Amino acid sequence: MHAYLRRLCAPSPVPIRLLSPFPRSSHRGYFSSVRLLEEMRADAPVKIKIAYRRIITSLPRLSLKSRTKASLLAEWDLEVARVRAWSARVDSSLLERWTAKKMCLPSVTAFAVEQEGAPKSTTARQESTPSKGAGVATALTTRLQGEVDHLHPSNSRQRLLQPSKRLFSTSHSNIIEGRKQALTERIAADAVVDLQQVMADLRDLELLEKLHKTTVKAAAGFKDASRCLYPLWHDVDQGKKSKVTFAELQEALPPIYSVPWTHIAERLTSGTNSKLSTLSEKDKAALLLLRVYNIGSSRSEAFVAAGARTLEDLEPLARRKKISLVRAHKIGLRHFDDIERLIPRSEMMAFDAALRGALRKADPLLECELLGSFRRQASFSSDVDLVVRHKSFVNKDDEEAAASLMRRIVEVLEGENLLDDENRLMFGPKKYAGLARLPGNKHYRRIDIRLAPYHSYPYLLLGCSGDALLMKLLRHAAKKRGLCLNEYGLGEKYTADDQNPNGFKPGTLRVVKDEREIFDLLGFPYLTPKERDYAVWRPRYERAGVDLSHVHKL
DNA sequence: CTCAGGCGTCG
DNA sequence: CGACGCCT
């Protein structure tokens, strides 16, 4: 986002820059600033909330396809003008109130307006790694002070410097430790936790971010947190576990997930979540609809606007032509529960056998594999991810070959009653998505089938099996060698945007017969899929003298 | 510096 | 066909 904004702003006639990200330790101040802003709206003639929020959140999500750079810049200018207008109207009484609450200027906390050419901003931004958060804080505090001085030269200096310093000086880990301790004191280790409720909270908080289209990152935090709890959750769902204790929860979710943790803490201590419980009926409905496959933020809002409040409302509304439900929605509604459910490994093994067996029987030249966490021996999966190759499909752009191959595959699997065309979500030449069910099983499972261009197969296996950190490491390694690694291959990146088969410079694509060769090419010890787990490969690579500095930060 | 890229749907 | 939304 920031790179994008910087690029966007570089030629802009308006001298303004966005100062973010903040060190994490300032999040608390940041969020209370937001709350304060809402409060202050009544007092402030200019819509502060909108001004500040639009700048931070709306620009990166504007559709680049449909807008010219000029219109984006115009919008940007407009926001800047609003902020300026607001700054000009901050009067001393407002300032009094803020300082009384030990707050620095909220909106200036969220972003700083500065003159182009002020030398410190770039260094401040580059120092924004967690360890150097203090550098940013100092730079920011200085700038804050400058801004405040500018607005109110007479009375602001001392009052504002202090609170902002305090706001930034507490280190992140201190806050986390403090919180953790406070929580441990209040909740007994063997207290029983309503995991289902916690999972639902995390899910809804994630969806809420998605609904309001704020940053992708914020939603990802909740997602990651809930991933950490999947193993526990799955055990409960499978009936292997009847209750979960607080100690187990603490074990599963590292304290680094500070935002999710604060929400969990609230739930465990007070039994509610204030952010979720205060939502309007419409927002609650929108969150529910978001869970349906193929309903995203824009349809969700539209459906709610048309009067939908529950899942059952949708079909009647569609019949009365108030909204339009497409195939995928109907399937998503019919299998709403199944789609959210995790799949036990035993069933994944059965899928593996059934899918392979069916394909091999139909054509011995078909090679296939189940990817994702299943391949890393995980004890559960969230969907069935199948990749297939056949020598009849070699070139990525040969749609004919891909389409006929895909048709054959789907026909075979439907013949075996693993798939059925009623539950087809998506069916293109290279990608199929739908629901699969093992004969005799009551649950449908989400399945994705991908066709790999013949020579990309090993790369796809590697790229789609993870784990994420390993992929990051390997890509960095490739990059250091001036190469580019992705799920299609390893080669020299081709920058000109025409006539490049797979995005690589012709002739530089390394053809490999298996994943091991890719590790060899990059000079890393080979890892079997089940070893591609950070806890396993990390120490081993360390011993082998691999440079892991890039991976150190999450 | 991190999905891009593939799909369906609608106009 | 292009634009858009949604998903992985």
Side-chain angles (χ1 to χ4, degrees), chain A residues 1-8 10 21 60-68 125-126 128-129 206-207 210-211 213 215-217 219-220 223 227 289-303 318 321 323-332 339-340 370-373 381-387 396-399 402-403 406 410 421 423-435 446-453 456 459-460 463-466 468-469 471-476 478-480 484-489 493 495 497 500-503 550-551 553-554:
Chain A
M1 156 178 175
H2 305 295
Y4 167 63
L5 280 177
R6 237 174 287 143
R7 219 179 322 128
L8 188 69
R61 82 171 134 93
L62 296 175
S63 167
L64 293 180
K65 284 181 198 156
S66 59
R67 298 199 177 224
T68 63
R125 213 177 287 110
Q126 277 159 4
S128 67
T129 55
E206 179 199 340
L207 292 178
K210 193 171 150 195
L211 184 69
K213 294 184 186 165
T215 62
V216 189
K217 267 278 186 267
K223 181 98 204 153
R227 280 223 180 88
L289 298 189
L290 264 185
R291 290 162 62 190
V292 178
Y293 187 89
N294 207 26
I295 295 186
S297 52
S298 107
R299 282 190 188 114
S300 175
E301 268 169 18
F303 290 178
K321 305 278 179 208
I323 62 175
S324 82
L325 285 186
V326 299
R327 262 178 69 90
H329 294 144
K330 292 174 187 161
I331 299 172
I339 289 177
E340 289 188 345
L370 290 192
L371 265 38
S373 53
S381 304
S382 55
D383 61 3
V384 182
D385 196 355
L386 180 73
V387 60
K396 179 174 170 271
D397 298 319
D398 187 355
E399 304 236 317
M406 183 59 102
V410 171
D421 68 348
N423 287 321
R424 226 143 58 178
L425 293 165
M426 219 163 77
F427 186 16
K430 305 178 224 188
K431 210 179 199 171
Y432 173 98
L435 297 177
R446 275 279 295 110
I447 184 170
D448 288 310
I449 304 176
R450 259 179 301 179
L451 291 192
S456 296
Y459 290 103
L460 229 133
C464 299
S465 300
L469 286 178
M471 292 341 299
K472 211 168 172 176
L473 176 69
L474 295 185
R475 289 199 187 128
H476 267 291
K479 205 168 168 180
K480 253 191 289 185
C484 169
L485 171 70
N486 60 27
E487 68 254 59
Y488 292 118
K493 204 169 170 72
T495 37
D497 48 345
N500 51 332
N502 284 335
H550 282 295
V551 197
K553 44 181 171 116
L554 193 99

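Residue numbers begin at 1 in each chain, while the letters A, B, ... track the order of the sequences. As the structure is a prediction and not an experimental result, all values here were calculated from the model.
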Would you mind reading off the distance between A:Y293 atom OH and B:dC7 atom C1', rounded to a whole angstrom? 9 Å
Touch class at under 4.0 angstrom, heavy-atom based, for A:R475 against every strand present: nothing
Choosing from B:dC7, B:dT2, B:dC10, which nucleotide comes nearest the side chain of A:P429? B:dC7
Measure from the side-chain N and O atoms of A:R450 to the backbone N and O of A:Y432, and report whether any donor-acceptor pair falls under 3.5 Å. no
Side chain of A:V326 only, heavy atoms from C-beta on: which candidate in B:dC10, B:dC7, C:dC6 is closest? B:dC10
Taking B:dT2 as the reference, what is the distance to C:dT8 when you measure between their P atoms (whole Å, please)? 22 Å
Are the side chain of A:H476 and the backbone N or O of A:L473 linked by a donor-acceptor pair below 3.5 Å? no
Starting at CG of A:D383 and ending at C1' of C:dC6, how long is that distance when rounded to a whole Å? 16 Å
Whole angstrom value for the distance that separates C1' of B:dT2 from CG of A:N486: 12 Å
Which of the following nucleotides, B:dT9, C:dT8, C:dC6, is nearest to the side chain of A:R327? B:dT9
Kindly give the heavy-atom pair with the smallest separation between A:L451 and A:P429, and that separation in Å. CD1-O, 3.4 Å
Quick check for you: among C:dC6, B:dG6, B:dC10, whose closest atom lies nearest to any side-chain atom of A:S324? B:dC10
In Å and rounded to the nearest 0.5 Å, what is the CE to CG distance from A:M426 to A:N294? 9.5 Å
Check the phosphate of B:dC1 against A:K472, side-chain N and O only, distance under 4.0 Å to OP1 or OP2. Yes or no? no
What's the closest nucleotide to the side chain of A:K430 if the choices are C:dG5, B:dC7, C:dC7? B:dC7
Figure out the CZ/C1' separation between A:F303 and C:dG5, and round it to whole Å. 11 Å
Those residues that, when tested against A:A478, pass side chain to side chain contact (heavy atoms under 4.5 Å, CB included) (two or more places apart): A:L483, A:L485, A:L490, A:L522
Grab the OH-P distance between A:Y488 and C:dT8 for me, whole Å please. 16 Å
Considering only side-chain heavy atoms of A:S298, which listed nucleotide, B:dG8, C:dC7, C:dC6, is closest? C:dC6
Regarding A:R424, tell me which of base, sugar-phosphate or nothing describes its non-hydrogen contacts under 4.0 Å with the strands shown. nothing
A:H329 NE2 to B:dT9 C1', straight-line distance once rounded to whole Å: 10 Å
Base, sugar-phosphate, or nothing for A:K479, non-hydrogen atoms under 4.0 angstrom? base
Report the distance from atom NZ of A:K210 to atom C1' of C:dT8, rounded to the nearest whole Å. 12 Å
With rounding to whole Å, what would you report as the distance between B:dC3 and C:dC6 at their C1' atoms? 14 Å
For residues A:I331 and A:R424, report the shortest heavy-atom separation together with the two atoms involved. CD1-O, 3.4 Å
For B:dG6 and A:R450 - does any side-chain N or O of the residue sit under 4.0 Å from the phosphate oxygens OP1/OP2? no
If I take atom CE in residue A:M426 and atom C1' in nucleotide C:dC7, what distance separates them, rounded to the nearest angstrom? 7 Å
